[in-house]
2 protein chains.
Amino acid sequence: MDALEILIKHDIKPSVQRLAVMEYMLTHFTHPTVDEIYSSLSPSIPTLSKTTIYNTLNLFEEQGVVLYLGIDKKNARFDGNTSRHGHFRCKKCGAIIDIFNEKPGNVVLKSHPELIIDDIQTYYTGYCNACNK
Amino acid sequence: MDALEILIKHDIKPSVQRLAVMEYMLTHFTHPTVDEIYSSLSPSIPTLSKTTIYNTLNLFEEQGVVLYLGIDKKNARFDGNTSRHGHFRCKKCGAIIDIFNEKPGNVVLKSHPELIIDDIQTYYTGYCNACNK
DNA sequence: CTTTGTGCAAATTCTTTGCACCAAA
DNA sequence: TTTGGTGCAAAGAATTTGCACAAAG
């Protein structure tokens, strides 16, 4: 499914900017920050503003098109892969690595069956191979 | 184990402020923000500054005495319970609930056996009983 | 004494807001 | 022509930093 189709499917009106951000998220599964997205797109869309990146990502997140990651203290990070998976963050170099080891499907917590779970995110913290203590 | 013992065990020099923060974390498992801790302690320690709360919590986190929670977009939250457990956040009312459903012990990821995992945190997002969609 | 912690004020950084202009239906 | 998107500048909020003073050993 391409960027345009995804936006339409989620009732998001396409625009040059929104399509560019969506396209970026579909080709860069690097958990980018707003700044990284802005820096990458800015040359090809010279009038682009960071405000629009914020607006767009907030909209995308509300519509479930991207995931917000709270794994990084400094900046918000976003993930275009909305399937259930975890993330590892290296304490030393800051690398973020996808962890695909989780079961999909609905979740009911034994201890709290009354909670409606829309999303699950698991953050692993430690040292990557390169930084290995 | 009381506040003083915990600090000593982790090579943290005790001070009035550090003891007060530690004591607070041991009696309020509410995932407080810096502001909440400051507001609570400030009356009894009138000279207390927010900078000291930041310093103290950052130190505590480095020493593994508290956990940093990235579950809340707006503020850093901290947890005095460092045993492995998850957290649920209600999208509507913002309530954060502890989820004790995880197995303790060392973890080696099948997909990334080379990663050294120091900490695992799982964040559940959805609607609590009261806010139930 | 000497080292370390505290706390004020200022600085920094990230994110949101207000508002005028622009674009699309 | 009306609705909604964009982007600039300013505001806001959370956190960190620099530095002088205080505390503790």
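Just so it is clear: chains get the letters A, B, ... in the order the sequence lines come, proteins before strands, and each one is counted from 1. All of these numbers come straight from a predicted model, not from anything done at the bench.
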Not counting sequence neighbours, list each pair that qualifies as a ring pair (Phe, Tyr, Trp, His ring centres under 6.0 Å) and has a residue in residues 15-35 of chain A. Y24(A)-H28(A), H31(A)-H87(A)
Residues 37-62 of chain A vs ring pair (Phe, Tyr, Trp, His ring centres under 6.0 Å), sequence neighbours excluded, gives none
Here the residues of residues 6-26 of chain A within 4.0 Å heavy-atom distance, strictly under, of DNA chain D are K13(A), S15(A), Q17(A), R18(A)
Spell out, yes or no, whether F78(A) and L7(A) are grouped together once hydrophobic residues are joined by side-chain heavy atoms under 4.5 Å, including indirect joins. yes
Under a 4.0 Å heavy-atom cutoff, the residues of residues 58-77 of chain A touching DNA chain C are N58(A), K74(A), N75(A), A76(A)
Approximate separation, where rounding is to 0.5 Å, of L19(B) CG and I45(B) CD1: 9.0 Å
The first and last nucleotides of DNA chain C lying within contact of chain A, meaning any atom under 4.0 Å from one of its heavy atoms, run from dC14(C) to dT17(C)
Nucleic acid contacts - residues 27-55 of chain A versus DNA chain C, non-hydrogen atoms under 4.0 Å: T51(A), Y54(A)
Please list all pairs meeting salt bridge (Lys or Arg N to Asp or Glu O under 4.0 Å) that have one or both residues in residues 9-24 of chain B, counting only residues at least two apart or in different chains. none
Once salt bridge (Lys or Arg N to Asp or Glu O under 4.0 Å) is applied, what residue pairs with a partner in residues 30-48 of chain B remain, sequence neighbours excluded? D35(B)-K50(B), E36(B)-R77(B)
More than 12 non-hydrogen atoms from neighbouring residues, nucleotides or ligands closer than 6.0 Å to NZ on K74(B), yes or no? no
Test side chain to side chain donor-acceptor pair (under 3.5 Å) applied to K110(B) - qualifying residues, sequence neighbours left out: none
Members besides L109(B) in its Ile/Leu/Val/Met/Phe/Trp/Tyr cluster (side-chain heavy atoms under 4.5 Å): F88(A), I97(A), I99(A), Y124(A), V107(B), L115(B), I117(B), I120(B)
Same cluster (ILVMFWY, side-chain, under 4.5 Å), V66(A) and I96(A): no
In chain order, what residues pass the side chain to side chain donor-acceptor pair (under 3.5 Å) check against T125(B), with sequence neighbours excluded? none
Sort and list the pairs that fulfil ring pair (Phe, Tyr, Trp, His ring centres under 6.0 Å) and have at least one residue in residues 90-112 of chain A, not counting sequence neighbours. H85(A)-F100(A)
